[in-house]
Amino acid sequence: MSVSKPPPPPSTSHLAIPPSSSSTPSSSASSPSATPHSTGPPPPSPVKISMQEHFAINVCPGPILPIPQISDFFPRFHDYPCTPPPPREKKILKEETFNGETGGGYKDGERRGENDGDREEAVDSDDDDTYLGTLEFSLLFDQENNCLHCTIHKAKGLKAMDSNGLADPYVKLHLLPGASKANKLRTKTLKNTLNPVWNETLVYHGITAADMTTKTLRLCVCDMDRLGRNEFIGEVRVALKKLKEGENKRYNMGLERIAQNKETNNQTVEQGAVVAEEERGRILVSLCYNTEKGCLLVGIIRCAHLAAMDSNGYSDPFVKIILQPDMGKKSKYKTSVKKKTLNPEFNEEFSYEVSLDQLAKKTLEISVWDYDLGMSNDFIGGVELGINANGQRLRHWFECLKNKGKKVEYWHTLTQQGAPSSDKAD
């Protein structure tokens, strides 16, 4: 398709128009006889231009402007997801590694001076990836009830682990040496945050004063991932021997990839024999002789840190008690079965009708078993209380006979040597 361009206007030399030119231009152009009588030159042929050139001339008279983007109307925040913590906090954590606390912890209110400029410059030069965040928690040892209370308060400035620049953090606790599912505790998971606040208290039962001198508490902060394995962010370790009985001590420690604690590694080797004995678990038992009814009340309260007997890393424990010498069916009792747990809580009580004189000559056998459907039950560990026992087991038995009418509770260590002599794993 082409468009005819109109001819340019005639010059002043062609102003003289013959009489035949008074007609319409179309008639003069269509009349072939009028052409030889015209005095001027013939009109030039029309100039033809393409449609593309026509649009280019009329539509694009100037430079091409950039097309607006949608991001121009919705600007991005360049400080997303969050700015790194100020250097001052990182400086405190670095300095506290030289403190007496294991892993660099410090109490509330303790602050370093601001005159150490060399250390501050060293922190500022560190790579951002080396900063994993801080964890704030408190510990309380209750020796009367043999409990260790661990309150997880909050974490701050955690390293982003997910693609959205955030994390789904939780905290899990282990007792070292001998970390296993039996002494594992875990907080709830908080979604999409780098500054989680838990304020959650986890309790270890069956912790004695001897454990406080040999054990180390490890707190790991992890990121939960439903589609894959949970990712490790960082950890801190606290030697429990530095925690005094009844003292509620607060910590604010920097997370590390590998906590340097040579003292804990030495304890792992030195206390190997003790750990092997305690791997079977512990049981909390109460004894009370009721003089009015003439019976012995045996309470099975709970177990802690039991050995895992099933392939899933757990057990289905229950407890059996026998008063020897055997008194028939009245001497055997069994608790209910607790499914998939290594720290079961029973709170069940059993009664034996026996005189105080006869009780002094008897032995109470307590055994913990793992229930297996359609198969023989697995023996986890046991303990014997009586006149032939020794140590704390004998002390528990004597206090029961001495303090009639008073409930006496003791934690006892389960051992493989404590298997009942006249009972089958039914």
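Sequence positions, counted from 1, serve as the residue numbers for this chain.
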Taking [Y]'s backbone N and O only, do any of them form a donor-acceptor pair with [X]'s side chain (distance below 3.5 Å, no angle check)?
X	Y	result
Ser315	Ala307	yes
Ser138	Asn248	no
Asn195	Gly157	yes
Gln324	Ser331	no
Tyr371	Phe318	no
Lys156	Gly133	no
Asn164	Leu166	yes
Tyr314	Lys339	no
Asp372	Asn377	no
Thr335	Val319	yes

Residue pair [X] / [Y], side-chain heavy-atom distance below 4.5 Å:
X	Y	value
Arg280	Thr413	no
Trp397	Leu364	yes
His305	Ile207	yes
Asn343	Leu185	no
Thr291	Leu356	no
Leu158	Leu255	yes
Cys222	Phe232	yes
Asp211	Leu240	no

Would one find more than 12 heavy atoms of other residues, nucleotides or ligands at under 6.0 Å from atom NZ of Lys191?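 Counting other residues, nucleotides and ligands, NZ of Lys191 exceeds 12 neighbours.
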Spacing of [X] atom [atom1] and [Y] atom [atom2] [to the nearest 0.5 Å]:
X	Y	atom1	atom2	result
Thr415	Ile380	OG1	CD1	13.0 Å
Asn390	Arg395	CG	CZ	10.5 Å
Ile152	Lys172	CD1	NZ	13.5 Å
Lys188	Met224	NZ	CE	13.5 Å
Asn183	Leu306	CG	CG	11.5 Å
Tyr352	Leu297	OH	CG	11.5 Å

Taking atom types as modelled, is there a side-chain donor on Tyr410 or Glu399 under 3.5 Å from an acceptor on the other?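 Judged by distance alone, the side chains do pair up.
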Verify whether one side chain among Asn230 and Tyr170 offers a donor that lies under 3.5 Å from an acceptor in the other.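 There is such a pair between these side chains.
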Could you walk me through whether Leu173 and Tyr204 pass the side-chain contact (heavy atoms from CB on, under 4.5 Å) test, one step at a time? CA-CA 10 Å; Leu173 287 71; Tyr204 277 107; 3.6 Å; yes
Per the side-chain contact (heavy atoms from CB on, under 4.5 Å) rule, which among Met253, Arg257, Arg218 passes with Glu235? Arg218
Parallel, tilted or perpendicular, as decided by the 30° and 60° cut-offs, for the rings of Phe137 and Tyr251: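 Because their plane-to-plane angle is under 30°, the rings of Tyr251 and Phe137 count as parallel.
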If the plane angle is over 60° it's perpendicular, under 30° parallel, otherwise tilted; pick one for Trp411 and His205.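 Correct class here is parallel.
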Contact summary for [X] and [Y], nearest pair of heavy atoms:
X	Y	answer
Trp198	Leu135	CZ3-CD1, 4.2 Å
Asn146	Thr208	ND2-CA, 3.7 Å
Cys288	Gly405	SG-C, 3.7 Å
Phe346	Ile300	CB-O, 3.5 Å
Leu401	Leu359	CD2-CD2, 3.6 Å
Lys215	Pro177	NZ-O, 3.2 Å

Residues Glu345, Lys338; criterion side-chain contact (heavy atoms from CB on, under 4.5 Å); working and verdict: CA-CA 8 Å; Glu345 185 173 358; Lys338 304 297 181 180; over 6 Å; no
Determine, stepwise, if the pair Val298 / Leu323 fulfils side-chain contact (heavy atoms from CB on, under 4.5 Å). CA-CA 10 Å; Val298 181; Leu323 188 61; over 6 Å; no
For His412, run the side-chain hydrogen bond (donor to acceptor under 3.5 Å, both in side chains) check against His396, Arg282, Glu384 and tell me which one passes.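 Filter result, single survivor: His396.
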Mind checking ring pair (Phe, Tyr, Trp, His ring centres under 6.0 Å) for His174 and listing every partner two or more places apart, or none if nothing turns up? none
Salt bridge check, Arg250 against Glu136: does any charged N sit closer than 4.0 Å to a carboxylate O? yes
Got a salt bridge between Lys407 and Glu409, using NZ or NE/NH1/NH2 to carboxylate O under 4.0 Å? no
Would you check, one step at a time, whether the test side-chain contact (heavy atoms from CB on, under 4.5 Å) holds for Leu190 with Asp168? CA-CA 5 Å; Leu190 300 181; Asp168 303 327; over 6 Å; no
